[in-house]
Amino acid sequence: MKITKAVIPAAGLGTRVLPATKSMPKEMLPIVDKPAIQYIVEEAVASGITDILIITNRGKGLIEDHFDRAPELEARLSSGDRQAMLEEVIGISRLANIYFVRQKETRGLGHAVNCARSFVGNEPFAVLYGDDVIIGKDPACGQLIRAYEEFGKGILGVKQVTPEAITKYSSLKVENIRDNYFHCTDMVEKPAPDQILSLYSVLGRCVLPPEIFDILDQTPPGAGGEIQLTDAMCALARSTGMVAVNFTGTRYDMGNKLGILQATVEVALSHPQIGNDFRAYLKEIAGNL
Ligand code: UTP
């Protein structure tokens with residue numbers, strides 16, 4: 001079955017980026033001139049997704065506004081010679097069919113994904129975490145969708161992380177199939193040092209079968225007292241197996257301050273308008289460091 005639906009959980013509290021995220025959703029933090037969540041929606045669309053559900057909560061109205069029309073702004077842009085910007089602004093509202101639902105309590109990523117049950121119905125679907133921006137020629141979500149088409153089971157977007165970082169992420173038991181494809185039969189969220197299964201971790205993308213919802217219904221709170229998507233995916237990996245794809249592209253963690261700066265610097269360096277000036281500026285200040 002062709003995958004056309006995606007879910008973007010964006011209802012977290014973003015406590016690691018405070019105070020910026022006190023009233024501003026972290027998914028709206030810009031990377032140069034576009035909010036993080038627009039990069040994610042564009043990746044989904046470039047991967048063949050037509051319908052996107054964004055999971056929000058109180059205070060995330062800015063996300064809805066960003067994907068809506070903006071009549072006053074559009075009127076202002078249409079009166080000058082800013083046609084290209086006008087088209088870009090209108091284009092954001094036409095990227096996909098975008099729906100919103102609120103996660104009424106912040107009970108974890110697994111709980112957020114479970115809010116998508118009636119949107120998803122009985123189809124496989126993609127999940128793109130709202131604070132993980134992945135930039136690359138071949139959209140990461142599309143790489144996972146192709147793997148789903150080949151293997152017909154849940155797909156995990158993975159990368160290797162450092163031994164120091166793995167305890168903050170998930171750790172997967174993997175066995176290579178070929179190239180960047182692996183069988184995954186077990187996983188653990190935020191492993192203690194003696195629970196580490198490998199340095200491969202799920203980073204921001206997966207494709208899930210609709211069976212995940214029944215599993216999520218049965219998943220008790222795990223690490224941090226939250227209902228963890230990893231725990232539900234672990235049950236799936238242990239029963240049917242899942243396939244992990246070591247995707248290409250650079251992943252930026254917009255959920256922490258260093259990740260935001262890395263994304264900003266790297267995207268700015270290749271930005272068509274400011275790239276050259278920014279490179280000269282960086283070289284100048286780097287000389288004084
Ligand atoms: P994180 O654990 O990074 O989000 O979840 P967080 O809770 O905002 O982070 P900190 O630790 O407080 O800084 C990964 C993704 O899952 C979403 C977040 O919005 C983020 O995109 N999420 C998390 C939800 O939608 N609901 C939740 O209850 C938790």
Side-chain angles (χ1 to χ4, degrees), residues 6-31 35-41 43-44 52-64 66-67 98-117 119-120 125-134 140-141 156-159 161 165-171 187-191 201-206 208 212-213 216-217 219-233 251-263:
V7 175
I8 303 180
L13 297 178
T15 56
R16 285 166 296 153
V17 201
L18 282 169
T21 47
K22 185 181 172 198
S23 62
M24 159 92 125
K26 68 175 162 182
E27 298 77 14
M28 287 300 291
L29 292 169
I31 305 177
I37 197 162
Q38 189 182 332
Y39 289 89
I40 296 171
V41 167
E43 177 197 322
I52 297 173
L53 178 71
I54 301 180
I55 316 282
T56 64
N57 62 4
R58 284 169 293 282
K60 303 264 182 172
L62 278 181
I63 301 178
E64 297 186 31
H66 187 70
F67 293 101
I98 301 185
Y99 305 83
F100 298 90
V101 70
R102 282 191 180 202
Q103 181 189 18
K104 292 180 185 135
E105 293 170 273
T106 312
R107 293 179 60 199
L109 179 58
H111 181 259
V113 169
N114 210 8
C115 297
R117 187 193 267 264
F119 165 80
V120 166
F125 63 105
V127 181
L128 299 90
Y129 302 6
D131 56 357
D132 275 318
V133 170
I134 301 173
C141 177
L156 304 157
V158 304
K159 275 195 185 288
V161 303
I166 193 79
T167 52
K168 294 187 219 117
Y169 291 91
S170 57
S171 172
M187 67 184 88
V188 54
E189 179 68 23
K190 299 193 175 51
S201 187
V202 180
L203 292 185
R205 303 289 180 267
C206 50
L208 297 170
I212 198 73
F213 295 114
L216 280 167
D217 282 345
T219 302
E226 298 198 326
I227 297 176
Q228 297 287 349
L229 183 61
T230 303
D231 292 344
M233 294 195 299
R251 173 236 178 208
Y252 299 104
D253 181 0
M254 295 296 288
N256 79 68
K257 295 173 191 180
L258 187 61
I260 295 168
L261 289 173
Q262 287 164 336

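Note that ligands are numbered from 1 as they come in the structure, with each ligand's atoms numbered from 1 the same way. Starting from 1, each residue takes its place in the sequence as its number. None of these values were measured; they are calculated from a predicted model.
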To check your reading of the model: name the closest protein heavy atom to [atom], its residue, and the distance in Å.
| atom | answer |
| --- | --- |
| atom 8 (O) of ligand 1 | Gly14 N, 2.7 Å |
| atom 24 (C) of ligand 1 | Gly12 N, 3.4 Å |
| atom 25 (O) of ligand 1 | Ala11 N, 2.8 Å |
| atom 3 (O) of ligand 1 | Arg16 NH2, 2.8 Å |

Worksheet item: Looking only at heavy atoms, is any part of His111 under 4.0 Å from ligand 1, and if so is it the side chain, the backbone, or both, or is it neither?
Response: neither

Practice prompt. With heavy atoms under 4.0 Å as the rule, classify the contact between Ile55 and ligand 1 as side chain, backbone, both or neither.
Written response: neither

Show me which atoms of ligand 1 lie under 4.0 Å from any heavy atom of [X].
| X | answer |
| --- | --- |
| Gly108 | 26 (N), 27 (C), 28 (O), 29 (C) |
| Thr15 | 10 (P), 11 (O), 12 (O), 13 (O) |
| Glu27 | 19 (O), 21 (O) |
| Thr106 | 27 (C), 28 (O) |
| Arg107 | 28 (O) |
| Gly130 | 21 (O) |

Taking the side chain as C-beta and beyond, is there a heavy-atom pair between [X] and [Y] under 4.5 Å?
| X | Y | result |
| --- | --- | --- |
| Ile8 | Ile55 | no |
| Pro30 | Pro35 | no |
| Arg102 | Lys60 | no |

Taking both backbone and side-chain atoms of [X], is any N or O found less than 3.5 Å from an N or O belonging to ligand 1?
| X | value |
| --- | --- |
| Ala112 | no |
| Pro9 | yes |
| Val17 | no |

Euclidean distance, [Y] [atom2] relative to [X] [atom1], rounded to 0.5 Å:
| X | Y | atom1 | atom2 | answer |
| --- | --- | --- | --- | --- |
| Asp131 | Ile40 | CG | CD1 | 7.0 Å |
| Cys115 | Arg107 | SG | CZ | 9.5 Å |
| Arg117 | Ile212 | CZ | CD1 | 10.5 Å |

Between [options], flag the one that comes closest to [atom] by a heavy atom.
| atom | options | answer |
| --- | --- | --- |
| atom 5 (O) of ligand 1 | Ile40, Asp131, Ile8 | Asp131 |
| atom 16 (O) of ligand 1 | Leu13, Leu109, Asp253 | Leu109 |
| atom 6 (P) of ligand 1 | Lys168, Gln228, Gln103, Lys26 | Lys26 |

Would the distance check show the side chain of [X] and the main-chain N or O of [Y] forming a donor-acceptor pair, the cut-off being under 3.5 Å?
| X | Y | value |
| --- | --- | --- |
| Thr219 | Asp231 | no |
| Asp253 | Gly259 | no |
| Tyr129 | Leu109 | no |

Under 3.5 Å, which donor-acceptor pairs link side chains of residues 222-230 to any protein atom two or more places apart or in another chain?
residue: Gln228; atom: NE2; partner: Ala223; partner atom: O; Å: 2.8
residue: Thr230; atom: OG1; partner: Glu189; partner atom: OE1; Å: 2.5

Discussion item. Tell me whether the rings of Phe125 and Phe213 are parallel (<30°), tilted (30 to 60°) or perpendicular (>60°).
Written reply: parallel

